[in-house]
Amino acid sequence: MNIDPNTRKNAVYSLFLVIFLVGIWWYRDYKSKENLNPKVEITGETMGTTYKVKYLHEDNVNHKAGIDSLLLKFNQSLSTYIQDSEISRFNAGTILKYESDFFYPVLKKSHEIYKKTGGAFNPTVGPLVNAWGFGPENSEVPSAFVVDSLLQFVNFDSLYFDSISICKLKKGIKLDFSALAKGYGVDVVAQYLLSKGISNMMVEIGGEVYCHGRNEDAKMWKIGIENPNAKEGGERLQAAVKLDGKALATSGNYNNYYEKDGKKYSHTIDPKTGSPVQHSLLSASIFAKDCMTADAYATACMVMGLEKAKALIEKNKSLDAYLVYSDEKGNIQTYTTEGIRNYISD
Ligand code: AMP
Ligand code: MG
């Protein structure tokens, strides 16, 4: 076959150009990895679940002791499972002058989201969470009378607070920050690492996560989103998402529930009815700048259900969402907001 010399020349030039460009890409990739510090990986337990922290550090310094002591202080303030914690003592009494730096920020954030969700997110729902068997006390399916009598204590407006203290305007009101405490814990650990000069990090507590910078392969951190409908031995992950400078929190009706007389009861309580919600929304993964916000909105979406959750997210431009729900035919569907679409792979 005769090939025109000009065509051959062009082909050779093109080949050299491709080799040259690949060479540059490879060299830059190699250099960017070379400049990265080694990875430190820490795991532990907190808030009745596990945590995992990964970060890049030039001297390989392990911050586990610092993180553990920070999380101990955190729990001593906000855990309703610790009898003499700051929150438990407030729940048993009427007034609290904040003792830790943790109480006011989580209370303020709760109030903000309570307002933005028309009361769907409500940290005074704790007595009902307990009554339905999802808190520190053991119980199951309360009677309608018990639910009604506890509903009078679901009332955020009966708390008065400022930046120094909080008091109850009505006896018996209790606080439960479980819906956003893990996310807040993630932020507190991330801040701690940042204060140590670490910026390439992944912090995860019980599935709520914050990522910043790059991983050990000089790539964005990639996080799995659980399949809310996973069957035994089936696909555990629903999707994966790349994050940088962003938090992700997921709430689902699959991770804390029980079945009684053929009915499924999950740990998300509708503050208006006092009962666990029953929705087609199976899980809500929310993306925000900080993990406390993502965590609170993820729970709020589960309370509100699919349509109201979509409207809430669409109204709040600083949030993104990946919602998994079942349609009228029982098929699994997903809804992804524009801002996160390019970072998610199903
Ligand atoms: P999450 O796994 O982040 O969705 O948090 C679930 C926890 O939030 C539950 O176990 C309850 O302690 C708490 N919770 C349930 N319903 C509500 C609600 N409507 N508002 C605020 N917290 C709630
Ligand atoms: Mg939450």
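Bear in mind the structure is a predicted one, so any value in this text is a computation, not a measurement. Order of listing sets the numbers, starting from 1, for every ligand and every atom in it.
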Keeping the roles fixed (side chain from [X], backbone from [Y]), state whether a donor-acceptor pair exists under 3.5 Å.
X      : Y      : result
Thr268 : Val303 : no
His212 : Ser199 : yes
Asn75  : Leu71  : yes

Check for me whether [X] meets the cation-pi criterion with [Y], that is, NZ or CZ under 6.0 Å from the six-membered ring centre and within 45 degrees of the ring axis.
X      : Y      : answer
Lys310 : Tyr335 : yes
Lys168 : Phe90  : yes
Lys242 : Tyr343 : no

Pair listing, salt bridge (charged side-chain N to carboxylate O under 4.0 Å, His left out) test, anchored in residues 59-70, at least two apart: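 Listed by first then second residue: Lys64-Asp68.
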For the Mg ion (ligand 2): protein N/O/S atoms at distances below 2.8 Å: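 Those protein atoms number 4 in total.
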Salt bridge flag under 4.0 Å for residues Asp320 and Arg341: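 Answer for the salt bridge query: no.
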Could you pull out the N/O contacts under 3.5 angstrom between ligand 1 and the surrounding protein atoms?
unit_1   : atom_1 : unit_2 : atom_2 : d
ligand 1 : 3 (O)  : Ala179 : O      : 3.3
ligand 1 : 3 (O)  : Asp295 : OD1    : 3.0
ligand 1 : 3 (O)  : Thr299 : OG1    : 3.0
ligand 1 : 4 (O)  : Ser251 : OG     : 2.6
ligand 1 : 4 (O)  : Thr299 : OG1    : 2.6
ligand 1 : 10 (O) : His267 : ND1    : 3.0
ligand 1 : 12 (O) : Asp176 : OD2    : 2.9
ligand 1 : 16 (N) : Ile269 : N      : 3.0
ligand 1 : 19 (N) : Ala120 : O      : 3.0
ligand 1 : 19 (N) : Ile269 : O      : 2.8
ligand 1 : 20 (N) : Asn122 : N      : 2.9
ligand 1 : 20 (N) : Asn122 : O      : 3.3

Results of side chain to side chain donor-acceptor pair (under 3.5 Å) for Asp157 - residues two or more places apart only: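 Counting only residues at least two positions away or on another chain, Asp157 forms a side chain to side chain donor-acceptor pair (under 3.5 Å) with Tyr114.
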